[in-house]
Protein chains: 2
Amino acid sequence: MRAPTQKRGEITRDRLLDEAELLFALHGFDGVSIRDITKAAGVDVALANYHFGSKDKLFDAVFQRRAESMNARRIVLLEDVLERYAPGLPPLEDVIGAFTWPVAEIMIEGGDGGRAYGRLVAQVNNSPKLAQVGMTRYFDPVVRRFMEVLRAVLPGCREEELFWSYHFLSGALTLSMAETGRLDRLSDGRCRSDDLKAIFARMVPFCAAGFRALCKA
Amino acid sequence: MRAPTQKRGEITRDRLLDEAELLFALHGFDGVSIRDITKAAGVDVALANYHFGSKDKLFDAVFQRRAESMNARRIVLLEDVLERYAPGLPPLEDVIGAFTWPVAEIMIEGGDGGRAYGRLVAQVNNSPKLAQVGMTRYFDPVVRRFMEVLRAVLPGCREEELFWSYHFLSGALTLSMAETGRLDRLSDGRCRSDDLKAIFARMVPFCAAGFRALCKA
DNA sequence: GTCTATAGCTTGATAGAC
DNA sequence: GTCTATCAAGCTATAGAC
C-alpha cells in the first residue's frame, strides 16, 4: 500500500490513517484518543493535528479514504452488469451483487485495515449522530444510482417498497461488515463472521427474495 | 413509569437510568460522561457511582432493564402463536412477527426512552467490542428458543442457512431500531425512520421471503 | 515536518462531612 | 442517601524551537 518513493510526511500521514482506522473501528470515535493513535503509529502526538487539523477531520479522512474506491468499484460492476444484458435488463441478483460485492472485496483484499473499515462503516451506519453526515455524504450518491436501476429491474414496484427494501439490505450488509462474532457463538461455530464469501453469497438471494416479496404486494 | 410511593433513593436511581439511556443512545458509551448524566438527571455527581458502582455497571443496568421485558414479551407472543396453530405449526411469518414485534412495542409505547433504547441496542449489536457481551448475555437465550421453532417451521433447512438468515434479520431489525433518519433523506421524505408500523409491517414479509429462499437452496 | 513543553480543561472515582 | 471537595490522570490543541 505504501510506495517506496513516498516522502517522510506522506508516510506519517498514511501511518496515522492506518492506525486510526484500526482503533476507531474497535473503540469508536470517543473511545480513542489522539495519543492512542499517534502512539500506535509511532509518531509524535502533535503530528496528528499538524496533518489533519483536528480529531474530527482525521476521522473524516479515514472514513472517506476507502469510501471512494468502494463506490468507484460499485459503479464499475454495475455498468458491467448493465452492459452485459443490454439492451435488456439484468436480473435483480446481479444488481444487488454489484452493490454488495465491493464491500467483500475491500474486506478480503484490504487486510486488517479493510476489515477494520467494514467495522467502522457498520458503526457509523447505526449511529444516529454519525449516519446523517457520514453515510449521506459519502455513500448516498451511489445508492441513488442503484435505486434507479432497481426501479427499472422491478417495474411496477411502489417507491416506498423499493426504499424499505434497500433499508433492510443496508442493515443486513452493515451487520455483516461489523464482524462481531456474535453468530459464531450462537451457532456453536457453524457460522463464522469472518467467512465473508459464505455471507455475501447468501446475502444476495436472501435480499433478492425480500425485494420481490415487498414489490409484489 | 415512576410509582408515587417510591423512596428518594429509588427515584434518583430511576432518573439516572432514564437520562443515561437517552444520552448513551445518542452519543455512545464513551461519548457521555458521568457528569453529563448526573447533570441531566438533576442529581449530584457522586450519586451515579454510589448507586451503580461504576460507569460500566450503569451502562449495563440501562441495557439490561428493557431487555428483560422485551424478551419476556417475545416468549409470550411465541407461545401464543404456537398454541394457536397446535397441533400443527404456525406460518413462518407469525414466528418472525413474534420476534420482531416486541421491539416495535417498546419503541412505540416506551416514549423517548423506548426509542432511545432501540438506538442503544442498534449500536451495541454493531460494535465488535460490545456485541459479544451485551447481545450474547441478554438476548441470545431467547434467540436460541426462536431458532428451535424456526427449525421446526422450515423442515429440511440446513443449519447454516438458518443461522445466516437470522443474522440478516438481525441486521435489518437493528438498523430499523437505530432510527438514523438516513432513509428519510434518501427517499426525499417518502419513508420515515420513525414510522415504526410501516417498517415492521414490511420487515416480516421481506425476511420471511429471505428465509425461504436460503432454505430452499 | 518534527518535536518539546505546556496551557486549559475534562475525566472517573472516592474520602469524609452531614 | 446526599453533597462538597478533591485527586490523579487523561484529554485536545497549540506555540515555539529545531
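Note: hydrogens, waters and symmetry copies are ignored here, and every other heavy atom, side chains too, is used. Quick note on labels: first sequence line is chain A, next is B, and so on, each numbered from 1.
Remark: B/Phe146 pairs with B/Phe99 by the ring pair (Phe, Tyr, Trp, His ring centres under 6.0 Å) rule, at least two apart or across chains.
Counting non-hydrogen atoms of other residues, nucleotides and ligands closer than 6.0 Å to CZ of A/Arg151 gives a total above 12.
A straight line from CD of A/Gln6 to P of C/dG1 spans 12 Å, rounded to a whole angstrom. When rounded to the nearest whole Å, the span between CZ of A/Arg13 and P of C/dT2 equals 12 Å. Going from atom CG of A/Asp44 over to atom P of C/dA5 covers 11 Å, rounded to whole Å. Going from atom NE2 of B/His51 over to atom C1' of D/dG1 covers 6 Å, rounded to whole Å. Nucleotide C/dT10 holds its C1' atom 14 Å from the CG atom of B/Asp30, rounded to whole Å. Taking atom CG of residue A/Leu16 and atom C1' of nucleotide C/dT2, one finds them 12 Å apart after rounding to whole Å. Atoms NZ (B/Lys39) and C1' (D/dC3) sit 17 Å apart, rounded to a whole Å. Rounded to an integer number of Å, the gap from CG of A/Leu58 to P of D/dA13 is 10 Å.
Using a 4.5 Å cut-off on side-chain heavy atoms (C-beta onward), A/Phe211 and A/Val153 make no contact.
Each side chain to side chain donor-acceptor pair (under 3.5 Å) pair with one or both residues in residues 96-122 of chain B, not counting sequence neighbours, appears once here: B/Arg73-B/Glu105, B/Trp101-B/Glu105, B/Arg115-B/Glu179.
Ring-centre distance between A/Phe63 and A/Phe139: below the 6.0 Å cut-off.
Electrostatic pairing of A/Arg137 and A/Asp60 counts as a salt bridge here, judged by a charged N lying under 4.0 Å from a carboxylate O.
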*Going 5' to 3' along nucleotides 11-18 of chain C, which nucleotides have protein heavy atoms under 4.0 Å from the base (write B), which only from the sugar-phosphate (write S), and which from neither (write -)?*
BBBB----
